[in-house]
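Right, one structure below, let's go through it.
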Amino acid sequence: MKKIYLLYLATALAAFQSCRKETDAFDGPSLNDIYGEFSIIENFDIINRSVDFAAGQTTSFSAIFSKSVSWQVKISGLQSGGVKYISGISNMLDNSNSLWNGSTTNLPMFTSETCAVELTFENEIDTIRDTLEVISPKINEGLLLSDFETGWNPAWSSFVQSGADMSFVITDNIVSAQGSKYYDMGGAVDWDYLIGLIDIPGSAYGAQYFPLNNNPDNIYFNVLLNNPPGITNSIVLFQFREDDNGDGIYTDGAEDMFSIQVVMTETGWQQISSKYADLATLINGVAADPIGNGIHEPDKLLQVSILMLANPATGYSQALMDFLIFTDGKALEP
């Protein structure tokens, strides 16, 4: 009986040992991360202080801390005003968690300029400052309809009402979202919602249709808009006319016209991006049944129209526009 008991005890101990973790590690933050004193063990550094994003270069940051902390790198363009935030929780910065490819978090986009760099830590007073140089900004791939840097495209057409204080012009009165110029649409029209419009034909880009992928889930339309301070009534309507039957013309009321309606509420530059497959049919701003075959066919896109609208009872309205681009595979990352 004693031998049987000892055998049972040995078996139980073996089973207990097999259930134990192989290490003494435990889940959750270390005591050092919770109670340890914070210090910078390896000084903050910028891996590439003169970066040419247009050439495909990137930059990143390095540092080692005494414990894992919540940190943030803020990059501010001293000329453009663009801002990029990179953040994380770790005890170090390196290429894996602080890579910068020239994109922005807050518009405008960066340009060729000096950038201020700040590293800060949550619940710590330390702030580390440095600078880097952007030799040339990143290139955004896609079908660029216009960034207005070289003026008005002569293949476009426009109509502007004969209202008051009309301002359908390319200008540089404020900091643009990209480059130095943007398109200013504004005026007061007291008899019609329409203030003015722009028609952009696919033929302006070398062929009858816009040269786009035929998969509507891959194509994105992107534009940067600005609602000036004090303006509360601006509406910008984008219309996408398709040639469903392939006869080279758009038949009003018989072929698809998809739309994006932007009611401007936020002051300052903002990005509007929409997947082509998500474009809706709108009648007076309300979703409706398709006009044509109801199939999103970006390779049959014949014309893009931009309408500047406002309730005629609300007086002067204005919206600024920059960097209209179709991208393939994902939305614009400015």
Side-chain angles (χ1 to χ4, degrees), residues 54 109 136-160 168-171 176-185 196-225 236-252 255-262 271-281 291-293 295-308 319-334:
M109 297 186 196
S136 57
K138 73 186 287 283
I139 296 174
N140 295 290
E141 301 291 341
L143 175 61
L144 180 65
L145 303 187
S146 184
D147 61 1
F148 304 104
E149 296 302 302
T150 57
W152 179 262
N153 188 325
W156 294 14
S157 61
S158 65
F159 168 76
V160 179
F168 281 68
V169 295
I170 296 172
T171 186
S176 62
Q178 183 272 338
S180 61
K181 298 178 181 179
Y182 57 90
Y183 196 73
D184 181 348
M185 305 179 291
L197 64 82
I198 301 168
D199 287 331
I200 306 173
S203 59
Y205 304 93
Q208 188 174 45
Y209 306 116
F210 288 85
L212 298 172
N213 187 309
N214 64 2
N215 187 342
D217 287 312
N218 286 350
I219 298 300
Y220 290 79
F221 174 74
N222 313 268
V223 62
L224 308 180
L225 296 175
V236 184
L237 177 66
F238 299 90
Q239 297 175 332
F240 305 82
R241 290 176 169 84
E242 293 184 355
D243 178 18
D244 291 345
N245 61 16
D247 65 357
I249 60 173
Y250 174 76
T251 303
D252 192 24
E255 296 183 285
D256 281 320
M257 180 178 69
F258 301 112
S259 301
I260 303 170
Q261 180 170 286
V262 183
Q271 177 179 336
I272 304 299
S273 294
S274 181
K275 183 189 295 185
Y276 198 91
D278 295 336
L279 298 181
T281 298
I291 300 170
N293 62 20
I295 303 172
H296 290 80
E297 299 172 290
D299 56 325
K300 292 185 178 180
L301 179 61
L302 198 64
Q303 178 176 296
V304 175
S305 297
I306 305 165
L307 285 69
M308 176 64 192
L320 315 180
M321 179 172 64
D322 200 2
F323 209 74
L324 296 93
I325 187 171
F326 283 103
T327 53
D328 196 334
K330 60 182 178 180
L332 173 69
E333 295 178 353

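The residues of the chain are indexed from 1 along the displayed sequence.
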Keeping [X] on the side-chain end and [Y] on the backbone end, is there a donor-acceptor pair under 3.5 Å?
| X | Y | value |
| --- | --- | --- |
| Asp199 | Ser157 | no |
| Asn215 | Ile219 | no |
| Glu255 | Asn245 | yes |
| Lys138 | Glu333 | yes |
| Tyr220 | Leu332 | no |

Does a side-chain heavy-atom distance below 4.5 Å link [X] with [Y]?
| X | Y | result |
| --- | --- | --- |
| Phe238 | Leu279 | no |
| Phe258 | His296 | yes |
| Phe240 | Ile260 | yes |
| Tyr205 | Asn153 | yes |
| Met109 | Asn140 | yes |
| Asn213 | Tyr276 | no |
| Asp217 | Lys275 | yes |
| Phe323 | Gln271 | no |

So how far is it from [X] [atom1] to [Y] [atom2], rounded to the nearest 0.5 Å?
| X | Y | atom1 | atom2 | value |
| --- | --- | --- | --- | --- |
| Ser305 | Ile200 | OG | CD1 | 8.0 Å |
| Asp322 | Lys181 | CG | NZ | 11.5 Å |
| Tyr250 | Leu302 | OH | CG | 10.0 Å |
| Ser146 | Ile170 | OG | CD1 | 6.5 Å |
| Leu143 | Asn222 | CG | CG | 11.0 Å |
| Phe326 | Asn218 | CZ | CG | 14.0 Å |

Could you tell me which non-hydrogen atom of [X] sits nearest to which non-hydrogen atom of [Y], and how far apart they are?
| X | Y | value |
| --- | --- | --- |
| Phe168 | Met308 | CZ-CB, 3.9 Å |
| Leu301 | Arg241 | CD1-O, 3.4 Å |
| Ala177 | Leu224 | CB-CD1, 3.5 Å |
| Asn293 | Asp244 | N-OD2, 3.3 Å |

### Test log, rule side chain to side chain contact (heavy atoms under 4.5 Å, CB included), inputs Val223 and Ile306
CA-CA 11 Å; Val223 62; Ile306 305 165; over 6 Å; no
### Task
Check the pair Asp256 / Lys300 against side chain to side chain contact (heavy atoms under 4.5 Å, CB included), numbers first and verdict last.
CA-CA 10 Å; Asp256 281 320; Lys300 292 185 178 180; over 6 Å; no
### Task
Could you tell me which residues satisfy ring-ring contact (aromatic ring centres under 6.0 Å, His included) with Trp152, sequence neighbours excluded, listed by chain and number?
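Listed in chain order: Trp156, Tyr183.
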### Message
One pair to check against side chain to side chain donor-acceptor pair (under 3.5 Å): Thr327 and Glu141. What are the steps and the verdict?
### Response
CA-CA 7 Å; Thr327 53; Glu141 301 291 341; over 6 Å; no
### Message
As a quick check of understanding, evaluate side chain to side chain contact (heavy atoms under 4.5 Å, CB included) for Val236 and Leu307, giving each step before the final call.
### Response
CA-CA 6 Å; Val236 184; Leu307 285 69; over 6 Å; no
### Query
After noting the C-alpha distance and the side-chain angles of Ser259 and Gln261, does the key distance pass the side chain to side chain donor-acceptor pair (under 3.5 Å) rule?
CA-CA 6 Å; Ser259 301; Gln261 180 170 286; over 6 Å; no
### Task
Please report the C-alpha distance between Gln178 and Ile325 in whole Å, then the side-chain angles of each, then the deciding distance to 0.1 Å, and finally whether the side chain to side chain contact (heavy atoms under 4.5 Å, CB included) criterion is met.
CA-CA 12 Å; Gln178 183 272 338; Ile325 187 171; over 6 Å; no
